[in-house]
Protein chains: 2
Amino acid sequence: MLATILADTLGDVPWTVDPASRNGLRLLRPQTPLFHEGDRTENFYEILSGVVRAFKVFADGRRQIVSFAFPNDIVGFGHGDTYRFECEAISDAIVRVIPKASLMRSIRERPELGEKLLQIATGEVANMQDLSILLFRKTAMERIATFLMSMARRRPDVGAGARQPLPMCRADIGDFLGLTISTVSRTLTKLRDMNVIDVPDRGGFVVLDFHKLLLLSESEDTVH
Amino acid sequence: MLATILADTLGDVPWTVDPASRNGLRLLRPQTPLFHEGDRTENFYEILSGVVRAFKVFADGRRQIVSFAFPNDIVGFGHGDTYRFECEAISDAIVRVIPKASLMRSIRERPELGEKLLQIATGEVANMQDLSILLFRKTAMERIATFLMSMARRRPDVGAGARQPLPMCRADIGDFLGLTISTVSRTLTKLRDMNVIDVPDRGGFVVLDFHKLLLLSESEDTVH
DNA sequence: CGGTGTGTTGAGGCACATCAAGCCAGGTGG
DNA sequence: CCACCTGGCTTGATGTGCCTCAACACACCG
């Protein structure tokens with residue numbers, strides 16, 4: 001969404017192309033960092049293919065994944081002068097580099113753009129905040145159900161009853177939802193036993209009972 | 001901080017004054033709503049005195065307090081077209097009404113202002129996000145210690161060893177930190193027994209051992 | 001074949017929620 | 001003046017959801 005608006009409004013801007021890339025594109029291998037926490041915010045990145053994770057690492061070694069970015073998402077936007085967390089590819093990924101300087105320059109030239117971006121930035125972060133508020137109070141089951149729902153919503157092209165890709169490993173899911181690997185695994189097994197989902201292989205899942213999954217994501221004890 | 005920048009840069013702008021207020025000011029009684037979730041974002045409010053709470057109420061009746069706003073804070077900023085949560089006074093409070101329309105108008109007139117506000121908005125929300133990420137993984141003790149530290153940091157005018165006001169009730173603290181009233185109370189008692197703080201009365205506390213409180217806020221098991 | 005990385009499953013413990021009783025200050029009415 | 005109520009807070013007893021630790025299954029790879 002942000003991506004399309006940027007494309008619409010900035011498509012004609014002559015980007016200063018990152019020398020280390022062709023066409024302002026970068027190819028990423030799994031585990032390749034896109035940027036580190038504390039680095040100066042020089043670029044935004046539009047994900048063209050693959051999946052990227054944004055996360056913080058705390059002093060005690062624990063890791064909190066802040067978000068997963070899928071194709072059409074933009075990462076790096078809304079960080080301020082320096083990036084607020086680490087960012088790296090999960091799978092092979094292609095990203096488009098959007099130099100921050102050009103974007104800021106065109107804001108100065110087109111004030112109405114600044115206002116629009118302000119709106120987008122606050123909107124996006126507010127959504128993320130809603131998610132974290134929600135997760136804060138939820139049980140493991142509610143968190144997993146919410147997560148699976150949001151995964152399904154990200155890929156509306158995957159038909160009902162078809163296999164949804166689940167490109168991140170259990171540890172990533174755990175670090176995103178604030179659960180351990182064990183609990184993630186156990187909860188998925190439970191959902192399978194309840195015939196709510198199927199887990200045919202490691203990298204995907206199938207929603208068997210959309211309605212029940214939705215109920216579980218809202219409040220566990222409405223479903224028995 | 002946002003307030004001062006707004007004052008500095010916009011002090012000379014002729015505000016359209018809310019007819020229901022004098023001088024663009026509003027006086028609030030305890031429990032009086034400032035705005036509701038879903039209302040159109042027509043104003044921002046600068047807190048001049050008193051304390052205000054912003055919160056969401058979920059379908060199951062649980063309440064999540066998103067933030068407490070103290071004098072010099074601005075609420076309503078960064079919500080998009082409609083407010084994202086409820087907002088009401090905890091104590092008697094005076095707020096200055098800042099019509100959104102005027103602010104947006106002056107953004108259009110002064111592009112550099114838009115860029116600055118974008119920065120501020122992203123910065124503020126990112127801070128809030130940091131807080132929620134942090135709290136997400138913390139124990140009750142770490143949460144309470146973090147909360148008390150941030151309360152103390154909000155009032156640098158209160159000297160070391162002096163009574164810090166704690167204007168919100170235990171239920172508010174619990175709904176902010178994701179704990180029950182009982183756990184809040186128990187944890188405060190524990191901190192008192194450890195001689196880290198004193199709780200002379202309901203509406204305040206005294207930091208007796210700043211260093212230990214800081215350690216407790218970071219990771220519980222570094223202090224025994 | 002063993003080694004490694006990822007996921008599943010079981011047993012036990014602990015932190016926090018829940019339920020419930022009691023304390024204290026302030027208000028109201030006899 | 002005391003009797004009583006009410007609301008906010010504290011404290012105790014009990015239950016439970018998730019973490020921790022640990023064993024095992026399985027795929028992949030040299």
Side-chain angles (χ1 to χ4, degrees), chain A residues 30-31 53 58 60-64 90-91 135-148 165-194 197-205 216 219-221 223-224, chain B residues 30-31 53 58 60-65 90-91 135-147 165-194 197-205 216 219-221 223-224:
Chain A
Q31 326 295 337
R53 65 179 163 225
F58 293 105
D60 58 5
R62 281 181 304 190
R63 188 183 65 153
Q64 175 66 48
I90 282 184
S91 57
L135 290 178
F136 194 47
R137 301 298 194 109
K138 289 193 171 191
T139 66
M141 177 59 86
E142 289 169 320
R143 290 181 201 190
I144 293 286
T146 306
F147 177 70
L148 294 179
L166 201 62
M168 66 291 292
C169 65
R170 299 288 186 269
D172 283 341
I173 301 175
D175 287 348
F176 179 60
L177 298 178
L179 301 169
T180 59
I181 297 179
S182 316
T183 304
V184 171
S185 182
R186 265 185 258 272
T187 309
L188 286 174
T189 306
K190 208 171 183 179
L191 281 171
R192 207 188 45 206
D193 293 346
M194 292 163 72
I197 63 169
D198 188 23
V199 188
D201 59 284
R202 292 190 170 181
F205 69 102
L216 284 167
S219 126
E220 189 174 9
D221 44 27
V223 179
H224 310 281
Chain B
Q31 326 294 338
R53 66 181 164 223
F58 294 105
D60 59 4
R62 282 180 302 191
R63 187 183 65 156
Q64 175 65 48
I65 292 187
I90 283 182
S91 56
L135 290 178
F136 193 46
R137 300 300 194 109
K138 289 192 171 191
T139 64
M141 177 60 85
E142 290 169 319
R143 290 179 200 190
I144 292 286
T146 305
F147 177 70
L166 200 62
M168 66 289 293
C169 65
R170 300 288 186 269
D172 284 341
I173 299 175
D175 286 348
F176 180 58
L177 298 177
L179 301 170
T180 59
I181 297 178
S182 315
T183 304
V184 171
S185 181
R186 265 185 257 272
T187 309
L188 287 174
T189 306
K190 209 171 184 180
L191 281 171
R192 208 188 45 205
D193 292 346
M194 293 163 71
I197 63 169
D198 188 24
V199 188
D201 59 283
R202 293 188 169 180
F205 69 103
L216 284 167
S219 125
E220 189 174 11
D221 45 26
V223 179
H224 308 281

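Every chain is numbered from 1 and lettered A, B, ... according to where its sequence line falls, protein lines coming before strand lines.
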Take atom CD1 of I181(A) and atom C1' of dC24(D), then tell me their distance rounded to the nearest Å.
15 Å

Donor-acceptor contact present, side-chain T187(B) to main-chain T183(B), <3.5 Å
yes

Which atoms form the tightest heavy-atom contact between Q64(B) and R137(A), and what is the distance?
OE1-NE, 2.9 Å

Using a cut-off of under 3.5 Å, enumerate the N/O to N/O pairs linking the protein to nucleotides 19-21 of chain D.
from: dC19(D); atom 1: OP1; to: T180(A); atom 2: N; distance (Å): 3.4
from: dC19(D); atom 1: OP2; to: T180(A); atom 2: OG1; distance (Å): 3.1
from: dC19(D); atom 1: OP2; to: T183(A); atom 2: OG1; distance (Å): 2.2
from: dT20(D); atom 1: O4; to: R186(A); atom 2: NH2; distance (Å): 3.1

Produce the list of close N/O pairs, under 3.5 Å, pairing protein atoms with atoms of nucleotides 28-30 of chain D; give distances to one decimal.
none

Verdict with supporting geometry, E142(B) and L177(B), side-chain contact (heavy atoms from CB on, under 4.5 Å)
CA-CA 10 Å; E142(B) 290 169 319; L177(B) 298 177; over 6 Å; no

Give the rounded distance in Å between these two atoms: CG of D201(B) and P of dG26(C).
11 Å

Rounded to whole Å, CG of D193(A) lies from P of dT8(C) at a distance of 12 Å

What is the distance from CG of L188(B) to P of dC16(C), rounded to the nearest Å?
14 Å

Given dC26(D), dC9(D), dT10(D), identify the nucleotide with an atom nearest to the side chain of C169(B).
dC9(D)

I need the CZ-C1' distance between R202(A) and dC26(D), as an integer number of Å.
7 Å

For R137(B) and dC18(D), what is the distance between atoms CZ and C1' respectively, to the nearest whole Å?
13 Å

Could you give the CD-to-P distance, from E142(B) to dA15(C), as a whole number of Å?
12 Å

Rounded to the nearest angstrom, tell me the gap between atom CD1 in I173(B) and atom C1' in dT10(D).
14 Å

Under the side-chain contact (heavy atoms from CB on, under 4.5 Å) rule, what do R53(A) and D175(A) come out as? Steps first, then yes or no, please.
CA-CA 11 Å; R53(A) 65 179 163 225; D175(A) 287 348; over 6 Å; no

Minimum-distance nucleotide (side-chain atoms of S185(A) versus dT8(C), dT11(D), dT10(D))
dT8(C)

Donor-acceptor check, side chain of R143(A) to backbone of K138(A), threshold 3.5 angstrom: yes or no?
yes

Mind checking what makes side chain to side chain contact (heavy atoms under 4.5 Å, CB included) contact with S182(A), not counting sequence neighbours?
T180(A), R186(A)

Does any donor-acceptor pair link the side chain of R170(A) with the base of dT6(C) at a separation under 3.5 Å?
no

What I'd like to find out is whether the side chain of M194(A) reaches to under 4.5 Å of the side chain of L216(A), using heavy atoms alone.
yes

Could you walk me through whether I144(B) and K190(B) pass side-chain contact (heavy atoms from CB on, under 4.5 Å), step by step?
CA-CA 11 Å; I144(B) 292 286; K190(B) 209 171 184 180; over 6 Å; no

F147(A) and L166(A): side-chain contact (heavy atoms from CB on, under 4.5 Å), yes or no, with the steps?
CA-CA 11 Å; F147(A) 177 70; L166(A) 201 62; 4.1 Å; yes

